[in-house]
There are 2 protein chains.
Amino acid sequence: MPVSELGEKTTGKRADARKNIAAIVEAAISCLARDPDVSINEIAKAAGVGRVTLYGHFESRAALVGVVVEHAMQQTDEALDALDLEGDPRAALARLIDTSWQLTHRYGALVIAAEQALPPDQVREAHSKPIARWQRLLRRGRRDGAFRKDMPLDWQVSLIQAILHGASAAVHRGEITPEQAPALIRDTVLGALTPPSD
Amino acid sequence: MPVSELGEKTTGKRADARKNIAAIVEAAISCLARDPDVSINEIAKAAGVGRVTLYGHFESRAALVGVVVEHAMQQTDEALDALDLEGDPRAALARLIDTSWQLTHRYGALVIAAEQALPPDQVREAHSKPIARWQRLLRRGRRDGAFRKDMPLDWQVSLIQAILHGASAAVHRGEITPEQAPALIRDTVLGALTPPSD
DNA sequence: GATAACACGTACGCTGATGTTCGAGTACTG
DNA sequence: CAGTACTCGAACATCAGCGTACGTGTTATC
């Protein structure tokens, strides 16, 4: 999964410059996902590039984070757009969960980095699209009686996010393996959304 | 809920000194729970005390965080020890959830502050006691058939923690009110732990 | 192969936080 | 009421990260 398109950030630049920019973004993703407080220095080093070179391509830390977030959001949208969310709501939810898990685990703590480097409205705006997807699917499932209706929709969305991030943390802690995570999350979320029998 | 006992931190000190120490710890709790990266300055100001005075009582930021964590753990233990966890596992779990919710919401992000100011083993050790309580109860409920057994116990514990923290964040975000939170969490967790019908 | 674009290291100034020191004032304690 | 424990603010040293400037190489590109 190479850094495919970075807007007009690369047009007209030299080949090695493009390669370095890609390496920087790639390194920033993996560094920020692990620790949202990494220094620019470490990101540059992880990209195999001098700190000054990095500043040649990105005006500031905020600018870099912005590009990274944008890139992550684009990847996310692409992956989610490819999903079929029709048919049985529970099966559709399972598919959405599996893909979201990959993305959450990969981009991990990037949200936190975004929160403290970007204006709040930009963060909210980046969140809104994926959130809407969950909302749509949950609403449909509630109509069909597949999901419980006795709690706020927004809470259920937040719940799913919390479980995804919790699972990511659990994997990093070594509590569960990356292999068993998807099935575990799927069963857990479906269990939490199943209407109570009584 | 005054800061009751702070070890031998206060013995032999003057009355106003004791009062200030208590105010500092109290302020540190509420500040760190909101933002784990607050400066010492802000904590001192929130306590109505000069920064220098704070350093007169606590050697360093780490020392302060250490005392705060210790104090929080003590409060936690006290509150949880007072609970009756016998009888119907689901009812007992509901009680444990309600109390844990209060504590989680109050101490919030303090864990994060601890993680980056204290040695890792001290953090782990502080976590172990409450975790064991969840484990014990869940194990008993699994034997009784009250909770599902088809996922690792540790995952279920992590899940509960994730839900509690997620709910706290949701309240801070204004998504749900503090009043509706306990019932919501209770229903959600019980739903997630209920054995699947098929 | 000439040239412009790029990478690199070093060094510098800036900021914000931490922790310390000092001198002087204030208030608890016996 | 005397002495001492404590508080306070200001000032200082330190450190780490950010962002910039400069001079010197390298290397893609035409």
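The chains referred to below are lettered A, B, ... by the order of the sequence lines, with proteins before strands, and numbering in each begins at 1.
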K.L.:
If you assign each of A:A17 and B:N41 to its closest nucleotide in DNA chain C, which residue comes earlier from the 5' end?
P.N.:
A:A17

K.L.:
Over how many whole Å does the gap from B:F58 atom CZ to C:dT18 atom P extend?
P.N.:
15 Å

K.L.:
Atom CD1 of B:I24 to atom C1' of D:dT7: distance rounded to whole Å?
P.N.:
11 Å

K.L.:
Could you tell me whether A:R90 and A:D88 have a side-chain N and a carboxylate O separated by less than 4.0 Å?
P.N.:
no

K.L.:
Rounded to whole angstrom units, what separation is found between the NZ atom of B:K19 and the P atom of C:dT29?
P.N.:
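Result: 11 Å.
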
K.L.:
Ignoring hydrogens and angles, are the base of C:dG19 and the side chain of B:R51 linked by a donor-acceptor pair under 3.5 Å?
P.N.:
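Such a pair exists between side chain and base.
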
K.L.:
Quickly work out the A:Y55 OH to C:dT10 C1' distance and round it to whole Å.
P.N.:
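After rounding, the gap between these two atoms is 16 Å.
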
K.L.:
Report, one pair per line, the protein and nucleotides 22-30 of chain D atoms (nitrogen or oxygen only) whose separation is under 3.5 Å.
P.N.:
from	atom 1	to	atom 2	distance (Å)
D:dT27	O2	A:R14	NH1	3.1
D:dT29	OP1	A:A15	N	3.2

K.L.:
Return the value, rounded to whole Å, for the distance between atom CD of B:Q116 and atom P of C:dA17.
P.N.:
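Checked: the CD to P distance equals 14 Å.
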
K.L.:
Quick one: on DNA chain C, does B:I40 or A:T53 contact a more 5' nucleotide (nearest heavy atom)?
P.N.:
A:T53

K.L.:
More than 12 heavy atoms of other residues, nucleotides or ligands under 6.0 Å from CZ of B:R173: yes or no?
P.N.:
yes

K.L.:
So, OP1 or OP2 of D:dT7: does either fall under 4.0 Å of a side-chain N or O from B:N20?
P.N.:
yes

K.L.:
Closer than 4.0 angstrom, basic N to acidic O: yes or no for B:D16 and B:R14?
P.N.:
yes

K.L.:
Under a 4.0 Å threshold between the charged nitrogen and the carboxylate oxygen, would A:E42 count as salt-bridged to A:R61?
P.N.:
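Looking at A:E42 together with A:R61, the answer is no, because their closest N to O distance does not fall below 4.0 Å.
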
K.L.:
Hey, is B:D77 close enough to B:R133 for a salt bridge, meaning N to O under 4.0 Å?
P.N.:
yes

K.L.:
Look at the side chain of A:R186 and the backbone N and O of A:I97, then say whether any donor-acceptor pair between them is shorter than 3.5 Å.
P.N.:
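No, A:R186 side chain to A:I97 backbone: no donor-acceptor pair under 3.5 Å.
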
K.L.:
Go through C:dA7, D:dT7, D:dG19 for me and flag the one nearest to the A:S60 side chain.
P.N.:
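Among the listed nucleotides, the one closest to the side chain of A:S60 is D:dG19.
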
K.L.:
Can you tell me the distance, in whole Å, between the CG atom of B:L54 and the C1' atom of D:dG9?
P.N.:
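Answer to the nearest Å: 15 Å.
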
K.L.:
Could you state the CZ-P distance from B:R61 to C:dG19, rounded to the nearest angstrom?
P.N.:
8 Å

K.L.:
Less than 4.0 angstrom between a side-chain N/O of B:H57 and OP1 or OP2 of D:dT7, yes or no?
P.N.:
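Result: yes.
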
K.L.:
For A:D37 and D:dA16, what is the distance between atoms CG and P respectively, to the nearest whole Å?
P.N.:
16 Å

K.L.:
Between A:Q122 (side chain) and A:P119 (backbone), is there a donor-acceptor pair under 3.5 Å?
P.N.:
no

